[in-house]
Amino acid sequence: MPLVLAVVGIGLIIAGQLDLGRTPTSSLPPIPDPTKTPLAVVSATASSSAAPTPSPSPTFGSTANAVQLEIRSVGINVRVFESGSAANDDDPGLAGAYILRDSSQPGRGTNSYIFAHARNVPVPLFKNLWNVQLGAEVRILMSDDIVLRYRVTEIHPNVSCPDDRAPPIPPDAEPLALKYAKSDCSEGAAWTRSTDHERLTMQTSQGFNRNWGELIIVADPILPG
């Protein structure tokens, strides 16, 4: 039940009508390539048996927090925050993307549910998720400067999670997937649940309120190699 209530609260209103022809860009720097662990080079003249100290490499099992998310292929580059209240789940504001209160930080070996408004002003948030394609790379910068990399593996439009506080979608605009969907939020809530493997789940709205359906993007980890 807490998960269902949390998901029902995420009212991600689009603002395409507010873009006013502007093409805003993120002020954040690009997330760099992950630092690879260098191979140890054995020297025949080495007098010390001490092993070389490797540079940090991206691993899943981090205890740090996510601070930035980037999908270069669609121009998304946003700050990441942890939602700390039901009010923030209900309206995440425009500072960036948020990790759902009852979800996990990335890199902890389970599902991390990250959501943001489908807006491009005052800074680009998750509106460009509408254009993401399978195979797109997602990068997460952690607070310890480790970069986690994911690959988009699933795209799910028209995920139902109705909200009786908002006006319903007009019947002539309602896709069949929503017209015949369940009347509760169980479909939307299912994507917030923890998993037994590392996964990134990104969510934004498809219309003027959540009754227009949600867009769910799933990304699986790219293991260091």
S.K.: Which pairs with one or both residues in residues 128-137 pass salt bridge (charged side-chain N to carboxylate O under 4.0 Å, His left out), sequence neighbours excluded?
M.R.: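 Salt bridge (charged side-chain N to carboxylate O under 4.0 Å, His left out) check on residues 128-137 returns E137-R139, E137-R149.
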S.K.: Within the 4.5 Å heavy-atom criterion, are L94 and L125 side-chain neighbours or not?
M.R.: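 Touching, per the 4.5 Å side-chain cut-off.
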S.K.: Is the shortest side-chain heavy-atom distance between F81 and I99 below 4.5 Å?
M.R.: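 Not in contact.
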S.K.: Where do G188 and V159 come nearest, in terms of heavy atoms and distance?
M.R.: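 Looks like CA-CG1, 3.8 Å.
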S.K.: Return the set of residues passing side chain to side chain donor-acceptor pair (under 3.5 Å) with E154 (not counting sequence neighbours), or none when no residue passes.
M.R.: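 Partners of E154 by the side chain to side chain donor-acceptor pair (under 3.5 Å) criterion, ordered by chain and then number, come out as H156.
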S.K.: Hey, what do you get for CG (N158) to CD1 (I216), rounding to the nearest 0.5 Å?
M.R.: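 So the CG of N158 and the CD1 of I216 are separated by 11.5 Å.
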S.K.: Applying a strict under-4.5 Å side-chain criterion to I, L, V, M, F, W and Y, I'd like to know whether Y180 and W212 cluster together.
M.R.: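 In one cluster with Y180: W212, no.
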S.K.: Tell me whether the rings of F115 and Y113 are parallel (<30°), tilted (30 to 60°) or perpendicular (>60°).
M.R.: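 Ring orientation of F115 relative to Y113: tilted.
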S.K.: Please enumerate all residues that pass side chain to side chain donor-acceptor pair (under 3.5 Å) together with R151, with sequence neighbours excluded.
M.R.: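 None.
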S.K.: Taking side chain to side chain donor-acceptor pair (under 3.5 Å) as the definition, give me every residue that meets it alongside E174, ordered by chain and number, with sequence neighbours left out.
M.R.: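 For E174, no residue satisfies side chain to side chain donor-acceptor pair (under 3.5 Å) once neighbours in sequence are set aside.
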S.K.: Heavy atoms, side chains only, cut-off 4.5 Å: are Q203 and E214 in contact?
M.R.: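 Of all side-chain heavy-atom pairs linking E214 with Q203, at least one is under 4.5 Å.
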S.K.: Check side chain to side chain donor-acceptor pair (under 3.5 Å) between D145 and all other residues, then give those that pass, not counting sequence neighbours.
M.R.: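 Applying side chain to side chain donor-acceptor pair (under 3.5 Å) to D145 gives none.
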S.K.: Using the rule that Ile, Leu, Val, Met, Phe, Trp and Tyr join whenever any side-chain heavy atoms are under 4.5 Å apart, tell me whether Y150 and I222 fall into a single cluster.
M.R.: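 They do not share one cluster, since no chain of ILVMFWY contacts under 4.5 Å joins Y150 to I222.
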S.K.: What is the minimum heavy-atom distance between A189 and T192, and which atoms define it?
M.R.: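 In this case the closest contact between A189 and T192 is O-OG1, 2.7 Å.
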S.K.: Distance-only criterion, 3.5 Å: show the donor-acceptor pairs between side-chain atoms of residues 105-112 and protein atoms not counting sequence neighbours.
M.R.:
from: Q105; atom 1: OE1; to: A66; atom 2: N; distance (Å): 2.7
from: R108; atom 1: NE; to: S62; atom 2: O; distance (Å): 2.7
from: R108; atom 1: NH2; to: T63; atom 2: O; distance (Å): 3.1
from: R108; atom 1: NH2; to: A64; atom 2: O; distance (Å): 2.7
from: R108; atom 1: NH2; to: N65; atom 2: OD1; distance (Å): 3.4
from: T110; atom 1: OG1; to: T195; atom 2: N; distance (Å): 2.9
from: T110; atom 1: OG1; to: T195; atom 2: O; distance (Å): 2.7
from: N111; atom 1: OD1; to: R199; atom 2: NE; distance (Å): 3.3
from: N111; atom 1: OD1; to: T201; atom 2: OG1; distance (Å): 2.7
from: N111; atom 1: ND2; to: W191; atom 2: O; distance (Å): 2.9
from: N111; atom 1: ND2; to: R193; atom 2: O; distance (Å): 3.0
from: S112; atom 1: OG; to: S104; atom 2: O; distance (Å): 2.7

S.K.: Quick check for you: to the nearest 0.5 Å, what is the distance between L134 atom CG and I217 atom CD1?
M.R.: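 Output value for this atom pair is 8.5 Å.
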S.K.: How long is the span from the CG atom in N211 to the CD atom in Q206, to the nearest 0.5 Å?
M.R.: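 Nearest 0.5 Å value for the CG-CD distance: 12.0 Å.
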S.K.: Kindly indicate whether the side chain of V138, heavy atoms from C-beta on, has any atom under 4.5 Å from the side chain of L69.
M.R.: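 Touching, per the 4.5 Å side-chain cut-off.
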S.K.: Let me see the working for V218 and V152 under side chain to side chain contact (heavy atoms under 4.5 Å, CB included), right down to the final yes or no.
M.R.: CA-CA 6 Å; V218 175; V152 172; over 6 Å; no
S.K.: Where the side chain of D163 meets the backbone of R210, is there a donor-acceptor pair that is under 3.5 Å apart?
M.R.: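 A pair under 3.5 Å: no.
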S.K.: Ignoring hydrogens, what is the shortest heavy-atom contact between F126 and I114? Give both atom names and the distance.
M.R.: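 Shortest heavy-atom separation between F126 and I114 comes out as CE2-O, 3.8 Å.
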S.K.: Are L200 and I140 side-chain neighbours, meaning at least one heavy-atom pair lies under 4.5 Å?
M.R.: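 Yes, close enough: below the 4.5 Å cut-off.
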S.K.: Is K182 paired with D184 through a side-chain N to carboxylate O contact shorter than 4.0 Å?
M.R.: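 Looking at K182 together with D184, the answer is no, because their closest N to O distance does not fall below 4.0 Å.
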S.K.: Among the clusters formed by ILVMFWY side chains lying less than 4.5 Å apart, do L28 and I31 turn up in the same one?
M.R.: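 Not linked; separate clusters.
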S.K.: Between V132 and I71, is any pair of side-chain heavy atoms under 4.5 Å apart?
M.R.: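 Yes, their side chains come closer than 4.5 Å.
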S.K.: Is any side-chain heavy atom of Y98 closer than 4.5 Å to one of L100?
M.R.: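 In short, these two side chains do not touch, never coming nearer than 4.5 Å.
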S.K.: In the structure I gave you, are the side-chain heavy atoms of Q68 and V78 within less than 4.5 Å of one another anywhere?
M.R.: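 Contact flag for Q68/V78 side chains = no.
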S.K.: Measure the CG-CG distance between L148 and L141 for me, rounded to the nearest 0.5 Å.
M.R.: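 Spacing of CG (L148) from CG (L141) equals 9.0 Å.
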S.K.: Any donor and acceptor pair, going by atom type alone, linking the side chain of N77 with main-chain N or O of E70 inside 3.5 Å?
M.R.: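 Absent.
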S.K.: Write down the atom of S160, the atom of A181, and the distance for their closest heavy-atom approach.
M.R.: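 Nearest heavy atoms, S160 then A181: CB-CB, 3.5 Å.
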S.K.: Is there a donor-acceptor pair under 3.5 Å between the side chain of D220 and the backbone N or O of T153?
M.R.: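 No.
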